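Here the structure comes first, spelled out in structure tokens, and everything after it is commentary.
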Amino acid sequence: MSRIAIAGAGAFGTALAVTLAQAGRPVTLWARNCDAARDMVKTRENLRLPGVPLPENVTVTADLDALRICDPVLLSVPMQALAGFLRDAAATLDGRALVACCKGVDMTTGRGPTAIIAGACPTAVPAVLTGPSFAADIARGLPTALTLACVDPDHGTALQERLSTPTLRLYRSGDPVGAELGGALKNIMAIAAGIVIGAGLGDSARAALMTRGFAEMQRFARAQGAEAETLAGLSGFGDLVLTCTSTQSRNFRYGAALGQGAYFDPQITVEGAATARAVAAIAQARGIDMPVTQSVAQVIDGQRSIAEAVTTLLSRPLKEE
Ligand SMILES: NC(=O)C1=CN([C@@H]2O[C@H](COP(=O)(O)OP(=O)(O)OC[C@H]3O[C@@H](n4cnc5c(N)ncnc54)[C@H](OP(=O)(O)O)[C@@H]3O)[C@@H](O)[C@H]2O)C=CC1
Ligand SMILES: O=C(CO)COP(=O)(O)O
């Protein structure tokens, strides 16, 4: 059986490598940065996931060619880097099962990860691994459940078995578009929830925001051809709950900093910011009502203050739920 590869040695890719390796499956973990890879080989630790020793059967490399013998390949680079990464890596990775582990919508093309994979690697099997899970929780072996989505049921079942571990339980779905949109859209709502809490608007307002945000997620996903039930699963509702209620979430913390008018380190990966812009543009072009997303995009771009966004949301015409 071929090795599992993980392309992208951030916190999430590293956590997946650790849990798979601990379950007895050798992993090749690819980092773009040679120095970072060399440090990981030497210290057996990744600074992006501190305090977690890399098991012996994780091989760290910065050589993309090392991935030629691997199948499946998990893609855990950030969403806005995926298209560029695959442009460079397509010749090496095509023909394999390519499992998107990133959450978002590409700003330049408006595409999700599976469409980007299919465009770059026409003979690959695109799949999505997504759902409520913090890298640190997976790496510590805490119980987590995710969605593995793939159009082809046989490939989906094989990936589900290959990537489940005693503590990481995968549920199968045949709706990758719905699964990836759940993970992308919940990050926008997490920024909004962070703003609500950071600005001191209260837990009741956050509950209202999450509920109306969820309605918005379903509306958008349906318009993009997804099944509404997928959004009610781990990849949508499950991840919405986790990310809107935990200060472990970077999207939530970014929103909270905006709400407080506090500094937030721009080096930290916040997938919901670019995705809010991408989704707001698609929604506007297609006439999809997305008031929370539009507000988040306007606030992060400085086009509207938080107070103005709240007033606009509260003064929309009264309607049926
Ligand atoms: N962290 C988490 O808890 C979870 C994250 N995810 C998703 O996983 C994805 C990755 O996030 P995460 O691991 O947390 O991010 P991190 O910020 O921890 O790390 C990002 C990684 O991507 C690498 N990278 C950045 N740009 C490129 C590029 N152009 N080509 C190749 N590699 C690149 C970085 O390399 P370098 O160090 O050289 O900059 C770094 O190793 C995101 O979409 C996120 O939503 C999903 C579930 C949980
Ligand atoms: O996607 C995640 C949890 O499921 C991680 O959330 P953040 O990217 O907001 O930290």
Side-chain angles (χ1 to χ4, degrees), residues 4 6-8 10-17 19-20 72-82 97-106 111-118 125-139 143-151 155-156 159-160 162-165 167-190 213-214 217-218 220-221 224-244 246 248-252 269-272 274-275 278-279:
I4 297 170
I6 300 180
F12 194 47
T14 306
L16 291 171
T19 190
L20 289 165
V73 179
L74 277 53
L75 306 173
S76 63
V77 300
M79 183 63 212
Q80 303 308 318
L82 182 65
L98 299 183
V99 184
C101 301
C102 44
K103 296 178 179 174
V105 173
D106 183 63
R111 289 166 145 194
T114 47
I116 289 178
I117 292 170
V125 176
V128 180
L129 181 61
T130 186
S133 60
F134 290 121
D137 293 349
I138 290 180
T144 36
L146 298 181
T147 302
L148 184 287
C150 183
V151 170
H155 280 114
L159 286 168
Q160 179 187 29
R162 198 80 203 287
L163 301 176
S164 289
T165 75
T167 52
L168 179 65
R169 180 174 167 79
L170 303 192
Y171 287 80
R172 206 168 54 249
S173 160
D175 180 18
V177 171
E180 70 187 18
L181 278 175
L185 298 169
K186 66 86 190 176
N187 279 335
I188 304 172
M189 303 310 158
F214 184 57
M217 288 166 62
Q218 288 178 302
F220 186 83
Q224 299 293 99
E227 294 161 24
E229 311 85 78
T230 310
L231 274 286
L234 290 163
S235 55
F237 179 73
D239 214 352
L240 177 74
V241 171
L242 178 72
T243 322
C244 289
S246 172
Q248 273 195 77
S249 160
R250 298 162 295 188
N251 286 279
F252 179 86
T269 302
V270 177
E271 293 285 38
T275 293
V279 172

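This structure is a prediction, so every number in the text was calculated from the model and none was measured.
- The OG atom of Ser76 sits 6.0 Å away from the CD1 atom of Ile6 when rounded to the nearest 0.5 Å.
- Residue-environment remark: CZ (Phe134) exceeds the threshold of 12 foreign heavy atoms within 6.0 Å.
- Taking every heavy atom of both residues into account, Leu146 and Gly131 meet most closely at CD2-C, 3.4 Å.
- Rounding to the nearest 0.5 Å gives a distance of 8.0 Å between CG of Asp175 and CG of Leu231.
- A 4.5 Å side-chain heavy-atom check between Leu82 and Gln80 finds every atom pair outside the cut-off.
- What you find for Cys244 and Phe252 is that their closest heavy atoms are O-CE1, 3.4 Å.
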Practice prompt. I would like to know whether Glu180 and Thr130 meet side-chain contact (heavy atoms from CB on, under 4.5 Å); could you show each step before the answer?
Written response: CA-CA 7 Å; Glu180 70 187 18; Thr130 186; 5.9 Å; no

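- Here the shortest heavy-atom pairing between Thr147 and Ser173 reads CG2-CB, 3.7 Å.
- Nearest heavy-atom pair, Cys102 versus Pro78, reported as atom, atom and distance to 0.1 Å: CB-C, 4.3 Å.
- At least one side-chain heavy atom of Leu168 sits less than 4.5 Å from a side-chain heavy atom of Leu16.
- Expressed to the nearest 0.5 Å, how far CG of Leu98 lies from CD1 of Ile117 amounts to 5.5 Å.
- For the atom pair CZ (Arg169) and CD (Gln160), the distance works out to 8.5 Å, reported to the nearest 0.5 Å.
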Discussion item. Set out, in order, the CA-CA distance, both residues' side-chain angles and the distance that settles side-chain contact (heavy atoms from CB on, under 4.5 Å) for Val128 and Thr114, then state yes or no.
Written reply: CA-CA 7 Å; Val128 180; Thr114 47; 3.4 Å; yes

Discussion item. If you apply the rule side-chain contact (heavy atoms from CB on, under 4.5 Å), what do you find for Asp106 with Met79, and how did you get there?
Written reply: CA-CA 6 Å; Asp106 183 63; Met79 183 63 212; 4.0 Å; yes

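- Inter-residue side-chain proximity for Val125 and Val151 is flagged as unmet; no heavy-atom pair is nearer than 4.5 Å.
- Remark: of the listed residues Val73, Leu148, Leu75, Leu148 is the sole one forming a side-chain contact (heavy atoms from CB on, under 4.5 Å) with Val99.
- Ser249 places a side-chain N or O within 3.5 Å of a backbone atom of Asn251 that can act as its donor or acceptor partner.
- Judged purely by atom type and a 3.5 angstrom limit, Thr230 uses its side chain to pair as donor or acceptor with the backbone of Glu227.
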Worksheet entry | Leu20 vs Thr165, side-chain contact (heavy atoms from CB on, under 4.5 Å): CA-CA, chis, key distance, verdict | CA-CA 6 Å; Leu20 289 165; Thr165 75; 3.9 Å; yes

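- A donor-acceptor contact shorter than 3.5 Å is absent between the side chain of Gln224 and the backbone of Leu181.
- Listed here is the closest heavy atom pair of Leu240 and Met217: CD1-SD, 3.8 Å.
- A distance of 7.5 Å separates CZ in Phe220 from CD1 in Ile188, rounded to the nearest 0.5 Å.
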Fill in: salt bridge (Lys or Arg N to Asp or Glu O under 4.0 Å) between Asp239 and Lys186, intermediate numbers included
CA-CA 7 Å; Asp239 214 352; Lys186 66 86 190 176; 3.8 Å; yes

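- Considering CG of Leu242 and CZ of Phe237, their distance stands at 11.5 Å, rounded to 0.5 Å.
- Of all the heavy atoms in Cys150 and His155, the pair that sits closest is SG-CB, 3.9 Å.
- No side-chain heavy atom of Thr144 sits less than 4.5 Å from a side-chain heavy atom of Thr167.
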